[in-house]
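The model shown is predicted, which means the values in this text are computed figures rather than measured ones.
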Amino acid sequence: MVAFGSTITLAGRVQVANSGELISGAHIYYKRLNTGTISNSYGFFSIEFKLTEAPIEIKCSMIGYETKSILLNVRKDTTILISLSPTVTNLNEVVVESKQKVNIGYHHLLNNHIALIPTAGGEPDLLKGIQSYPGVVNANDGVNNLSVRGSNHWQNLILLDEAIVYNPNHALSFFSVFNNDAVKEVEFYKAYMPVNYGGRNASVIDVRMKEGNNQHYQLKGGVGLVASRLSIEGPIIKEKLSFILSGRYGNPGGLLNLLDKAGLFNYKQVDFSNSQIDYYDVNAKVNLTTNSRNRFYLSFYTSSDHFNAAAVVSDYAMHWKNATGTFRWSSIVKEKMNLNTTLSYSNYNYDYEHYSDGKDYLWSSDIRMFNLKENMEWYFSQRLSFRLGVEGSLFYTLPGEVSKMNDNSNIIPFSMGERKCFETVLYTGVNYSISEKTTLEGGIRLPILFSNKNKMMSQAIFIIPEPRLQLIQKLSGTANVLISANVASQNMHLMTNSSIGLPSDIWLPANKLLHPMITYQFSSAYKQSFFKQKFALEIATYYKNTQHIADFKDNANLFMNDGIENELLSGWSNAYGVEMLFDFKTATTHATISYTYSFSRNHIDGINNGKSYRPVYDRPHSLKLFIAQQLDSKWSLSSTFALRSGMNLTLPINSYIYQGVVFYEYSERNGYRAPLFHQLDLMINYKPINNYRLKSEWSFGIMNLYDRKNVFSMFAGYDKDGMNKGHFCKMYLYGILPSVTYNFKF
């Protein structure tokens, strides 16, 4: 027991009252002493104060939940569990949420936010949701290869329950692998990255699965034109052991064939008929609470894709699979310390079949990664906290292996040399409130990479310190100025010559010839909310410099090349930009406007005659609008509009005929900018009157409302009559595209 005036620590977790799901970003506040804290990603909080009364009153609040007041008769360090009840609101907040967390370049999404963003086929897609933020574009419109602040799509760290997802896409790159019914929340970092994240240069997309309802059983699902899904969750032992199992099957090939028959694709240079595109994914998770201090989680994910569409890739049938597994132990060691032990596994493999000209071969590849991570958060005092961690990763890849499909094949079986590497990382971080208005957050990561020798090259060791720093200065009221400096390294390179991001792209670890990429990013931002937080404004700037980027030589030899690193050239890139985000929110309306001006250039000697060149995803202007409106108790609508510069392409600037064959003279690399992209999408939701068990909803969507023919690809080819006649094609994905989805929950 302690006397009044002594310092005590109150710690615990915050959860949803009717499901047991942990809540991150909840605000825990002791009004008498004007002190408070925020629950972390695992729902843990720790607050320190001087005991001046008994009992004490603590308030806990979170957007979307009822504020709860708690009277505690404590006289010593104590651990508690706080349960918050969801509020009954007319409108689900959408897309932008502060989460009471002031970070530069940070955004937070919940699954109900994601569901209100119109998408092709009406299938909710979290990667489409992330595209609504400033600083995020894609190289090809309609796909999910996200470029964040002038970086390539494979420089994004994508995690599912802390396991890396190497290919986050279904149906080539048109849908994400994340089933929204299984997703709890997404944290997105594009500037300052906390020291517990690393291994990628551009951004972090941290996806957390639902933990399973530990109070009662729940069945949820949906039927749509593209995909159908079903989820079940509930208690195995009430309040102690819960589970969630979620599955989804999609057949976009069937929809594509239907649209082709309806004449939606009114050009004949490419053929969308007889497309065979389907996929499935399964999520499973078990959550065990042994006592108030310890929780255990075991989660799995698997998916499979089949893709055969002559309009996109001719003479090929492609197959790819993802699998992840995570075991995590979250423990409150004592009231000031939270410890998380995580063991994760990632596997990605693909194969594609080629049928033409007697080749008839099967190309296959495999990637596996094992990771063990120990992360400790120590709340030393109300003003000072520390983060300490260590992790080790074992990475293995077979870049490519070729075998015969049948006896008619003239291919000689061949296997590229396997690549292995081991990485160990130490990191430490600190968060210090210098004063009531000034907060400093920073730390350093120290990755050490051991790249194993193979028949092509000897062993290599890389040690790259990654210091990170963020300063938050509160001006007055709700205004904040933020400045950050971030260093990030990436030991994995993705070798691709496609702007879409094909499943057959090759991952390679850094080695003697292919050094790790290192990015230096400097950011600043001004954030402020107005009129009781109904309006919010954020203006940000950034500058990035990345060393050791790699790109293919002109006329590179990619097929069955065991020394593919010799076909690469290395250089550097720079990018800068200005971002603006305006948010308006009331009980029935939510609207956002974002605009980005950006610039990005690659500089690699030996490519483009030694001159700098635009990457495919350099799109200087990007304007995005979103609105969600509750019309009445049954009807609501949401709409998005996007306007941005066209992508960059390498196209012919001249042609000539030699010996009866047309030859093309091409521009400099990515020297042609496609026409301006703009598109308006709309979704209308109808919730009929339901009984107390069934809750249902109809969603009606229209993509590309005014039938804009946006460029997906442009290319030169030859007429079917012979190679003495050429033609130039502009390919677009779709015109007006309707969708309907029925969602239900028991």
Take D366 and Y396 through the test side chain to side chain donor-acceptor pair (under 3.5 Å) and record every step on the way to the result. CA-CA 8 Å; D366 183 59; Y396 162 90; 5.3 Å; no
Kindly determine whether Y280 and Y249 satisfy ring-ring contact (aromatic ring centres under 6.0 Å, His included), including the steps that lead there. CA-CA 4 Å; Y280 73 81; Y249 173 75; 7.9 Å; no
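- No more than 12 heavy-atom neighbours from other residues, nucleotides or ligands sit within 6.0 angstrom of CH2 on W329.
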The test is side chain to side chain donor-acceptor pair (under 3.5 Å); show your working for S303 and Y301 and say whether it passes. CA-CA 7 Å; S303 70; Y301 169 80; 3.2 Å; yes
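- Inspection of the Q276 and D278 side chains reveals no N or O donor paired with an N or O acceptor under 3.5 Å.
- Judged by a 6.0 Å distance limit and a 45° cone about the ring axis, R208 is positioned over the six-membered ring of Y42.
- Side-chain N or O atoms of E123 include none that pairs as donor or acceptor with a backbone N or O of F175 at under 3.5 Å.
- Looking only at distances, no side-chain donor or acceptor of S344 sits under 3.5 Å from a matching main-chain atom of A163.
- With Y197 contributing its side chain and Y189 its backbone, the two residues share no donor-acceptor pair below 3.5 Å.
- Residues F386 and W378 place their aromatic rings such that the two centres sit under 6.0 Å apart.
- Side-chain N/O atoms of S176 and D125 include a donor and acceptor closer than 3.5 Å.
- Remark: the T289 side chain and the R295 side chain contain an N/O donor-acceptor pair separated by less than 3.5 Å.
- Side-chain N/O atoms of N201 and S151 include no donor and acceptor closer than 3.5 Å.
- Distance alone, capped at 3.5 Å, is enough to place a donor-acceptor pair between the E233 side chain and the N213 backbone.
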